[in-house]
Amino acid sequence: MRVRVNPIDCTAHGLCAELLPEWISRDEWGYPVVDSQTLPAQLVKSAKRAAAACPTLALRLQQD
Ligand code: SF4
């Protein structure tokens, strides 16, 4: 599973980076910078929570 962000829908308020700091950081404008590698199993639960919390549904989990 991988984490993806739709940059068109993202409003850069950073909730995802707060909920999944191990995998998502923020650039200088506040937009998420996501590690594109396969998500480690121990982070899947947190990633699902971050995706569900994204107010614009910009954060998605993609099955490998
Ligand atoms: S929570 Fe969603 S809208 Fe907010 S920065 Fe993350 S991807 Fe963008």
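Sequential numbering from 1 along the given sequence is applied to the chain's residues. No experiment lies behind these values; they were computed from the predicted model shown. Counting starts at 1 for both ligands and their atoms, in listed order.
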Asp64 meets the salt bridge (Lys or Arg N to Asp or Glu O under 4.0 Å) criterion, sequence neighbours left out, with Arg2
dist Ser46:OG -> Leu19:CG (nearest 0.5 Å) comes out at 8.0 Å
**Asked** Would you say the side chain of Ile24 lies within less than 4.5 Å of the side chain of Val33, judging by non-hydrogen atoms?
**Response** no
Counting only protein N, O or S atoms and ignoring waters, those under 2.8 Å from atom 6 (Fe) of ligand 1 are Cys16 SG
Check: For the side chain of Arg26 and the backbone of Ala12, is there at least one donor-acceptor N/O pair under 3.5 Å apart?
Finding: yes
Q. Does some side-chain heavy atom of Val3 sit less than 4.5 Å from a side-chain heavy atom of Leu39?
A. yes
### Message
Around atom CZ of Arg60, are there more than 12 heavy atoms from other residues, nucleotides or ligands closer than 6.0 Å?
### Response
no
